[in-house]
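All remarks here apply to the structure that follows.
First listed ligand is number 1; within each ligand, the first listed atom is number 1.
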Amino acid sequence: MAIILDMLAAPFALKKLRQAREMLKDVTPLRSDCGRVCGGACCKPDETGENGMLLFPFEDRFYRKPIEGFSFHLVPDDTLFKGGTRLVCTGECPREQRPLACRIFPLRIRLISDELGVNTHAEAEVDPRAWAVCPLPEQGGLRAISADFTTAVQNAGDLLCRNVYMLEALLNEQRMLDETRRL
Ligand code: SF4
Ligand code: SF4
């Protein structure tokens, strides 16, 4: 049954995903190449070589075949949702092939709902995980980041939260990070 539901849901989810990836295709955290500030710190593999970016629901479909100039492998990872996937790269990729999580970093999408838990909308915030690798949060947080980039992340979030699969992944991430903040 789950397989049939996924087959039915995939086209709509993939459409939202494509649109969100497209919205974040060209915008960057700074107007100039922010990788020059830090030597591309967020793309560097960690000491295990298995750190990677969590893919959004159905995003693994973009990475089922080899991509020229992009050395990566996929690892099962249920952190955001059951049956999820992590993409592990070697630190270089064609820009147009970056996963959505890489396009959003060092921000993340926070979902805000009204008191009845409806009318959800997205806001962009600094990803708490960015503090460990990215110099931009220390340079003024959101104020250090291009307004075009922040708006694009927010617009992508508004689009994604209209899809139940993306909504689940975003809310699970939010819960996980909020719990970590409380520790
Ligand atoms: S670590 Fe931050 S400043 Fe460096 S490339 Fe990544 S997003 Fe840009
Ligand atoms: S997939 Fe590309 S953008 Fe993302 S961490 Fe790897 S090299 Fe960097």
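The distance from atom CG of L24 to atom CD of E22, rounded to the nearest 0.5 Å, is 10.0 Å. Here the CG-OG1 distance, from L54 to T79, works out to 5.0 Å after rounding to the nearest 0.5 Å. Between the CG atom in L30 and the CZ atom in F149 there is a gap of 9.5 Å [rounded to 0.5 Å].
Backbone or side-chain N, O or S atoms of C38 do not reach atom 8 (Fe) of ligand 1 at under 2.8 Å.
C134 SG, 2.3 Å is the protein heavy atom nearest to atom 2 (Fe) of ligand 1. Looking only at heavy atoms of the protein, atom 8 (Fe) of ligand 1 is closest to C34 SG, 2.3 Å.
Annotation for ligand 2: atoms under 4.0 Å from non-hydrogen atoms of G91 are 7 (S). Listed by atom number, the atoms of ligand 2 under 4.0 Å from E92 heavy atoms are 7 (S). Heavy-atom contacts of P106 reach the following atoms of ligand 1: 7 (S) (cutoff under 4.0 Å).
Between E123 and R110, none of the side-chain N atoms (NZ, or NE/NH1/NH2) sits under 4.0 Å from a carboxylate O, so this pair counts as no salt bridge. Salt bridge annotation for E96-K25: absent, with no cationic side-chain nitrogen under 4.0 angstrom from a carboxylate oxygen.
D148 and S146 share no side-chain donor-acceptor pair at under 3.5 Å.
Heavy-atom contacts from other residues, nucleotides or ligands closer than 6.0 Å to CZ of R143 number 12 or fewer. Within a 6.0 Å radius of CD in Q19, more than 12 heavy atoms belonging to other residues, nucleotides or ligands are found.
Atom 4 (Fe) of ligand 2 has C102 SG as protein N, O or S atoms under 2.8 Å away.
Contact annotation: for F72 versus ligand 2, there are no heavy atoms closer than 4.0 Å.
Each of L100, L14, L87 was checked for a side-chain contact (heavy atoms from CB on, under 4.5 Å) with E59, and the lone residue meeting it is L100.
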